[in-house]
Number of protein chains: 2
Amino acid sequence: MGRPDRTRRSLLDAAVVVLSKDSSASLSEVATTAGVGRTTLHRYFPTRELLIRALVEDALDRVADAIASAHPDEGPVVDALQRVTDTVVPLGPSLSFLHAEPEVYNARDLIRRWYEALEPVAQAVERGQADGSLRGDLPVKWVVDAYAGAILTAWDTADEGRIWLQDAPRLVMTTIIHGITAPSTDAP
Amino acid sequence: MGRPDRTRRSLLDAAVVVLSKDSSASLSEVATTAGVGRTTLHRYFPTRELLIRALVEDALDRVADAIASAHPDEGPVVDALQRVTDTVVPLGPSLSFLHAEPEVYNARDLIRRWYEALEPVAQAVERGQADGSLRGDLPVKWVVDAYAGAILTAWDTADEGRIWLQDAPRLVMTTIIHGITAPSTDAP
DNA sequence: TCCAAATGGAACATAGTTGTTCCACTCTAT
DNA sequence: ATAGAGTGGAACAACTATGTTCCATTTGGA
């Protein structure tokens with residue numbers, strides 16, 4: 001990885017940190033955080049819009065890669081979701097950024113790409129409903145959103161120090177898989 | 001309710017609509033949406049920061065009132081949460097705004113007020129864990145965040161047209177109470 | 001009806017961000 | 001060591017949002 005690649009990475013990483021804290025932060029701040037001059041920033045991303053676009057696309061790529069590497073199409077669905085959770089939760093900041101930049105992120109094609117990235121999860125959920133391991137009275141779209149939302153919540157909550165990030169995967173899975181009621185409650 | 005009160009209300013309502021779509025929208029846009037001159041806006045809220053602050057406080061009040069009116073401290077915990085869900089979900093936009101304005105909302109005292117508003121829910125969860133109706137292996141703080149997050153997710157998802165808002169309370173409750181797995185899976 | 005409160009528009013100064021250009025510098029690979 | 005890519009700083013113009021002031025007009029209640 002040459003110097004340009006490293007500079008680009010620094011800029012994207014800094015942008016994630018700065019812009020997810022304050023989406024209206026100035027480009028100077030981003031450049032400074034990246035340890036780079038504002039001139040250099042403009043050299044890599046000519047306009048603010050292109051920076052944010054690159055940022056969102058980069059985040060989407062990370063999420064999609066993480067999901068794919070968890071092989072959500074293999075084995076029992078609950079196990080598959082466990083693997084996805086364990087892989088995606090550590091991404092933390094990248095994910096949370098996606099829900100914080102509505103004005104730009106709301107571009108139609110980026111919303112589409114978000115759901116494309118989640119498509120393997122949707123397929124796993126469908127598979128689970130078909131084989132009876134997941135309940136069939138919830139729309140697949142809702143289940144996917146609720147699952148993604150739980151991961152997002154986990155990261156936010158961990159960021160505020162209310163839970164430990166290392167506990168997050170277990171909390172997300174327990175909550176989303178079993179719910180918050182005691183196991184014995186349902187058994188007749 | 002005199003004219004000033006109505007103007008103030010229009011401004012806050014317009015601000016919710018405009019600023020939750022684009023948190024960096026100009027005050028002109030807010031004033032126009034409210035059907036009011038920019039001068040009048042400044043008369044009620046001298047600076048942008050004061051407007052946003054009033055906005056967040058107003059939203060927090062609405063949430064707190066809604067929760068209180070559902071009497072979360074009475075009856076079986078699951079029923080109580082059902083009532084809270086049915087009451088809070090219709091607030092929609094007000095709630096979603098709270099998670100979209102990090103730069104201002106992150107003021108310490110406003111975060112505290114957010115959790116103060118949710119305190120009755122936290123107490124209901126504690127009560128449920130004590131009487132055995134809710135599982136005891138999840139931190140109360142996590143359960144509260146997960147629950148609030150599910151409501152937020154429901155509103156976002158409904159806003160994008162992926163579910164019907166009228167289905168949202170049932171989806172939230174089923175998911176958070178029972179989880180997404182089939183009921184028979186857990187029974188031995 | 002009449003008066004005081006409330007409003008809206010226009011004009012203004014200010015401040016901050018953005019994007020550009022130019023030039024001197026510092027690395028790094030050969 | 002040296003050439004060339006990469007970088008940083010300074011200075012610039014254009015633009016936009018913000019907050020203020022002043023004044024004419026409208027509104028609603030006594």
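Letters A, B, ... are given to chains in the order of the sequence lines, protein chains preceding strands, and every chain is numbered from 1.
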Handout entry: Phosphate-side-chain proximity, T39(B) and dT7(C), N/O vs OP1/OP2 below 4.0 Å
Key =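 Negative; the distance criterion is not met.
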Exercise for the section: Report yes if a side-chain nitrogen or oxygen of Y44(B) is closer than 4.0 Å to either non-bridging phosphate oxygen (OP1 or OP2) of dT7(C); otherwise report no. Expected result: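 Yes, Y44(B) has a side-chain N/O under 4.0 Å of OP1/OP2 on dT7(C).
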Output yes when [X] and [Y] qualify as a salt bridge under the 4.0 Å nitrogen-oxygen rule, no when they do not.
X: D109(A); Y: R53(A); value: yes
X: R113(A); Y: E57(A); value: yes
X: K21(B); Y: D159(B); value: no
X: R9(B); Y: D58(B); value: yes

How many Å lie between [atom1] on [X] and [atom2] on [N], as a whole number?
X: E49(B); N: dG19(D); atom1: CD; atom2: P; answer: 9 Å
X: L50(A); N: dG19(C); atom1: CG; atom2: C1'; answer: 12 Å
X: D5(A); N: dG6(D); atom1: CG; atom2: P; answer: 10 Å
X: E29(B); N: dT16(D); atom1: CD; atom2: P; answer: 13 Å
X: H42(A); N: dT18(C); atom1: NE2; atom2: P; answer: 7 Å
X: R8(B); N: dT7(C); atom1: CZ; atom2: C1'; answer: 17 Å
X: L41(B); N: dT20(D); atom1: CG; atom2: P; answer: 12 Å
X: L11(B); N: dA6(C); atom1: CG; atom2: C1'; answer: 13 Å

Exercise for the section: Remember a base hit wins even if backbone is also touched, and classify F45(A) as base, sugar-phosphate or nothing at under 4.0 Å, heavy atoms. Expected result: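 Touches nothing.
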Exercise for the section: Please work out if S26(A) contacts a base, only the sugar-phosphate, or nothing of the nucleic acid, heavy-atom cut-off 4.0 Å. Expected result: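 Contact class for S26(A): sugar-phosphate only.
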Residue [X], side-chain heavy atoms: nucleotide from [options] that is nearest:
X: R48(B); options: dA17(D), dA10(C), dA10(D); result: dA17(D)
X: T7(B); options: dT20(D), dG19(C), dT7(C); result: dT7(C)
X: R38(A); options: dT20(D), dG8(D), dG19(C); result: dG19(C)
X: L27(B); options: dT7(D), dT20(C), dG19(D); result: dG19(D)

Exercise for the section: Tell whether T47(A) reaches the base of dG19(C) with its side chain through a donor-acceptor pair below 3.5 angstrom. Expected result: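 No pair found.
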Handout entry: R43(A) (side chain) and dG8(D) (base): donor-acceptor pair under 3.5 Å
Key =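 Under the 3.5 Å cut-off, the side chain and the base do form a donor-acceptor pair.
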Exercise for the section: Taking the side chain as every heavy atom from C-beta outward, state whether P72(B) and I67(B) have any pair of such atoms under 4.5 Å apart. Expected result: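 SC-SC contact between P72(B) and I67(B) confirmed.
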